[in-house]
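Reading through the structure tokens given below for one structure.
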Amino acid sequence: MMLDASRMGADDADNYLGYMLVNGVGCQKHYNVALSYFKKAAVKFNPTAEYHIGRFYLYGWGDFTMKINRFKAYYWLNRSVEHGSKEAEELLKKLADEAREYLTRQW
């Protein structure tokens, strides 16, 4: 049913399929396939999918260990915030606080 909705262009279905694949809900975990579903939903400005893509880049998730890329992570998280994601906003605030703490210790 979700695959049918995805084929019909439903971004929420793409996002949910990505979630299922990341968490192994009803299937084996498969990060790279999950990322492809999140990207498919993100093209349609789905803020939750954009948030998940940001987390992929932030934490380096992936079947072959995706490289951490903070610039891409911030891009996707900011885009998610622009489209209304409170989760992305909270994560960006947490990252800013951690950076501020780190810089304070360095001085």
Side-chain angles (χ1 to χ4, degrees):
M1 194 157 165
M2 279 293 159
L3 285 173
D4 291 336
S6 173
R7 286 185 195 111
M8 293 173 55
D11 61 301
D12 286 335
D14 293 326
N15 184 60
Y16 189 69
L17 286 167
Y19 170 85
M20 291 173 65
L21 287 159
V22 164
N23 294 292
V25 176
C27 60
Q28 286 189 327
K29 290 182 180 183
H30 202 302
Y31 292 109
N32 291 344
V33 177
L35 183 60
S36 69
Y37 277 108
F38 287 137
K39 285 182 176 180
K40 189 175 168 188
V43 168
K44 298 173 190 142
F45 307 106
N46 183 299
T48 306
E50 294 167 339
Y51 167 73
H52 288 300
I53 295 169
R55 292 180 66 209
F56 264 82
Y57 284 112
L58 185 63
Y59 301 120
W61 293 344
D63 297 326
F64 303 106
T65 313
M66 176 184 224
K67 289 185 179 178
I68 292 173
N69 186 324
R70 297 233 178 215
F71 291 110
K72 286 184 179 183
Y74 285 119
Y75 167 80
W76 284 104
L77 292 170
N78 278 311
R79 184 174 154 156
S80 180
V81 169
E82 289 173 8
H83 296 127
S85 172
K86 296 295 178 195
E87 290 175 304
E89 187 174 0
E90 289 173 18
L91 182 54
L92 282 173
K93 283 180 185 176
K94 178 184 169 198
L95 293 171
D97 289 344
E98 289 173 1
R100 226 179 335 277
E101 237 178 78
Y102 174 79
L103 290 173
T104 300
R105 283 183 273 147
Q106 297 304 308
W107 291 97

### Task
State the OG-NE2 distance between Ser36 and His30, to the nearest 0.5 angstrom.
9.0 Å

### Task
Compare all side-chain heavy atoms of Ile53 with those of Lys39 and state whether any distance is below 4.5 angstrom.
yes

### Message
One pair to check against side chain to side chain contact (heavy atoms under 4.5 Å, CB included): Leu91 and Leu58. What are the steps and the verdict?
### Response
CA-CA 10 Å; Leu91 182 54; Leu58 185 63; 4.0 Å; yes

### Query
What heavy-atom pair brings Glu50 and Trp76 nearest, and what distance separates the two atoms?
O-CB, 3.6 Å

### Message
Treating Ser80 as the side-chain partner and Pro47 as the backbone partner, does any N or O pair qualify as donor plus acceptor under 3.5 Å?
### Response
yes

### Query
Parallel, tilted or perpendicular for Phe38 and His52, by the 30°/60° rule?
parallel

### Query
OG1/Thr104 to CD/Glu101 distance, rounded to the nearest 0.5 angstrom?
7.5 Å

### Query
CZ/Phe56 to CG/Asn69 distance, rounded to the nearest 0.5 angstrom?
14.5 Å

### Query
Can you tell me how far NZ of Lys86 sits from NZ of Lys93, rounded to the nearest 0.5 angstrom?
7.5 Å

### Hphob cluster co-occupancy, Phe71 + Leu77, side-chain heavy atoms under 4.5 angstrom
no

### Query
Considering only heavy atoms from C-beta outward, does the side chain of Tyr59 approach that of Ile68 to under 4.5 Å?
no

### Query
Taking it one step at a time, do Leu21 and Tyr37 satisfy side chain to side chain contact (heavy atoms under 4.5 Å, CB included)?
CA-CA 9 Å; Leu21 287 159; Tyr37 277 108; 3.7 Å; yes

### Query
Is the closest basic N to carboxylate O distance between Asp14 and Lys44 below 4.0 Å?
yes

### Message
Please report the interatomic distance CG(Asp11) to NZ(Lys40), rounded to the nearest 0.5 Å.
### Response
10.5 Å

### Task
Provide the closest heavy-atom pair for Asn15 versus Ala41 in the form atom of the first, atom of the second, distance.
N-CB, 4.0 Å

### Message
side chain to side chain contact (heavy atoms under 4.5 Å, CB included), that's the test. Do Arg70 and Tyr57 meet it? Break it down for me.
### Response
CA-CA 7 Å; Arg70 297 233 178 215; Tyr57 284 112; over 6 Å; no

### Message
So that I can tick it off, tell me whether Glu82 and Arg79 are bridged by a salt bridge, with the cut-off set at under 4.0 angstrom between side-chain N and carboxylate O.
### Response
no

### Message
I'd like to know whether OH of Tyr74 has more than 12 heavy-atom contacts from other residues, nucleotides or ligands below 6.0 angstrom.
### Response
yes

### Query
Distance from Thr48 atom OG1 to His83 atom NE2, nearest 0.5 Å?
12.0 Å

### Task
Compare all side-chain heavy atoms of Glu98 with those of Leu95 and state whether any distance is below 4.5 angstrom.
yes

### Query
Salt bridge or not for Asp97 and Lys94, using N-O below 4.0 Å?
no

### Query
Same cluster for Leu3 and Met20 if Ile/Leu/Val/Met/Phe/Trp/Tyr side chains link at under 4.5 Å?
yes

